[in-house]
Protein chains: 2
Amino acid sequence: MVQKRKRPPVPRIDAPVPPKRRGRPRAYEPGVALGKALDLFRKDGFAATSLDDLSAATGMNRPSLYGAFGDKRELFIKSYRRYRDDARVAMGDIFRNELPIRKRLERIYAVALDIYLSGESGPRGCFTVMTAASEAVHDPDIRAMVLEGFAELDRAFAACFRRAQEKGELPASADPTLLAQLASATIHTIAIRARAQVPRKELETIVNGAIEVMVGAAK
Amino acid sequence: MVQKRKRPPVPRIDAPVPPKRRGRPRAYEPGVALGKALDLFRKDGFAATSLDDLSAATGMNRPSLYGAFGDKRELFIKSYRRYRDDARVAMGDIFRNELPIRKRLERIYAVALDIYLSGESGPRGCFTVMTAASEAVHDPDIRAMVLEGFAELDRAFAACFRRAQEKGELPASADPTLLAQLASATIHTIAIRARAQVPRKELETIVNGAIEVMVGAAK
DNA sequence: GGAATTCTTTGCGAAATGGTACAAAAAAGG
DNA sequence: CCTTTTTTGTACCATTTCGCAAAGAATTCC
């Protein structure tokens, strides 16, 4: 007995080290594949995206897709989760920051426009809004996710306005919940209009006007 | 020669009289068939609606559908035109009426909610918004129609606010164009949320808040 | 090296899809 | 009654769609 069998390396919490899986190694990275799937779904929507399209975009053939993510609907749901997670990190800092309310709103909408207008073949809009318009009607699970998405945005905006009110940036008479609904409505209208290829300039005009009404006129 | 061949009946302008067409008579009424097609497209969207579905709903078989309306895309476009025409007549009176601005907005949103929440199997939302989210991205013709729809609504709202301003219901400092964009944004947000089955009560809360901001706070 | 495991590849198949060809049917014209 | 015109009904075609089964390849475990 020369030496005890080499112990498996102590798994560090944040180790990106491949954990020595057992069989044939994957030919794809689940993360990037899911990203490609999300891109496609955002571009064409659920119904108009075929498994062949998804297969081509991810580089995985259909059985692999199926094995990794389940059927088309499950893949769509996982793509949506990914979108929400991405959006959360993109927005999170700004929502949490302690900037003046006006500055904060400006940054939020700027990031939103970046997200909605990105896309090589046309602006991709807001996936939550797109999904609400299509799949959410007939699929209860998807509907629940979309509703949670709306609610989360409403809450985040409301927290912003409440904080601003506490800091005296808004009059005591202002209603944070109401303002939040207006802020969300502005998000929704630019998301939709972006999808119809309204140019960024016009969307920014809408945003600036809305900000003016929300924090300018009320001050 | 007893009598000159009976002249074709003088065509009264609004005569619903069948004009004695030449061949086999139609087994459907184009108007109602188009209405059924519109219902389907609003429920499921373009991609998820098959010609079989359309055939079943209209009672026309596919060749007849094709002959009457052209291919699926043309049928979709004609359905959309029909939707816009219907919406115009439903909204037209209210927009033209000389009611106090607040009353007017209340009525407009009430009618909008009726349109968006109707539908036997779930609320059908706003067809313009739905189409903007899906087909408008890749189809220039459809995109043009959607953009015109947005613009028309913006203009109608702006005219409302301008008129209210002239009548002294709004301060001279108010910006009708800006207010119109807010009013449209409110339309868009309730259209989307309706589609996600947010109950009417909540949508009315959003509407009331928006009206308050637009004409209440500004007064 | 052989067994076990995990993923990939090929290919199939049953169903659905958009669109059309063609004959039969129903009406008017003569 | 025969022709012409227009619409219907049936049947079909080529393609696409989703999903899966079965065999092959790459890797670890013993």
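Numbered from 1 within each chain, the chains take letters A, B, ... in sequence-line order. When reading the values below, keep in mind they use all heavy atoms of this one structure, side chains included, and skip hydrogens, waters and symmetry mates.
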Would you list the atom pairs, donor with acceptor, under 3.5 Å between side chains in residues 87-95 of chain A and any protein atom, with sequence neighbours excluded?
unit_1  : atom_1 : unit_2   : atom_2 : d
A/Arg88 : NH1    : A/Glu152 : OE1    : 2.6
A/Arg88 : NH1    : A/Glu152 : OE2    : 2.8
A/Arg88 : NH2    : A/Asp85  : OD1    : 3.3

- Can you list the residues that meet the salt bridge (Lys or Arg N to Asp or Glu O under 4.0 Å) rule with B/Asp141, with sequence neighbours excluded? B/Arg73

- Message: Regarding A/Thr49, tell me which of base, sugar-phosphate or nothing describes its non-hydrogen contacts under 4.0 Å with the strands shown.
- Response: sugar-phosphate

- Residues at least two apart in sequence or cross-chain that pass salt bridge (Lys or Arg N to Asp or Glu O under 4.0 Å) with A/Asp86, listed by chain then number, are A/Arg82

- Contacts of type salt bridge (Lys or Arg N to Asp or Glu O under 4.0 Å), residue A/Arg104, not counting sequence neighbours: none

What side-chain donor-acceptor pairs closer than 3.5 Å can you find for residues 107-114 of chain B, not counting sequence neighbours?
unit_1   : atom_1 : unit_2   : atom_2 : d
B/Tyr109 : OH     : B/Ala183 : O      : 2.8
B/Asp114 : OD1    : B/Arg200 : NH1    : 3.0
B/Asp114 : OD1    : B/Arg200 : NH2    : 3.2

- Item | Length of the line joining A/Leu51:CG and D/dC20:C1', which is rounded to integer Å | 12 Å

- Message: Less than 4.0 angstrom between a side-chain N/O of B/Asn61 and OP1 or OP2 of D/dG9, yes or no?
- Response: yes

- Query: Heavy atoms, side chains only, cut-off 4.5 Å: are B/Arg84 and B/Met145 in contact?
  - Reply: no

- Task: Figure out the CG/C1' separation between A/Asp52 and C/dT10, and round it to whole Å.
- Result: 14 Å

- For A/Tyr66, what residues pass the ring pair (Phe, Tyr, Trp, His ring centres under 6.0 Å) criterion, not counting sequence neighbours? none

- Query: salt bridge (Lys or Arg N to Asp or Glu O under 4.0 Å) with B/Glu202: which residues, sequence neighbours excluded?
  - Reply: none

- Message: Measuring from atom CD1 of A/Ile77 to atom CZ of A/Phe69, what distance do you get when rounded to the nearest 0.5 angstrom?
- Response: 13.5 Å

- Query: C/dT5 P sits how many Å from A/Arg21 CZ, rounded?
  - Reply: 14 Å

Could you go over nucleotides 1-5 of chain D and give all protein N or O partners under 3.5 Å, atom names and distances?
unit_1 : atom_1 : unit_2  : atom_2 : d
D/dT5  : O4'    : B/Arg22 : NH1    : 3.0

- Note on the structure: Applying side-chain contact (heavy atoms from CB on, under 4.5 Å) to B/Asp175 and not counting sequence neighbours gives B/Thr177, B/Leu178

- Message: Applying ring pair (Phe, Tyr, Trp, His ring centres under 6.0 Å), can you list everything that pairs with A/Tyr116, at least two apart in sequence or on another chain?
- Response: none

- Message: Contact list please: residues 26-42 of chain B against DNA chain D, heavy atoms, distance less than 4.0 Å, in numerical order.
- Response: B/Arg26, B/Ala27, B/Tyr28

- Query: Hey, can you pull the residues of residues 62-75 of chain A with a non-hydrogen atom under 4.0 angstrom from DNA chain D?
  - Reply: A/Arg62, A/Pro63, A/Tyr66, A/Asp71, A/Lys72

- Message: Both A/Gly59 and B/Pro25 contact DNA chain C. Which one's nearest nucleotide lies toward the 5' end?
- Response: A/Gly59

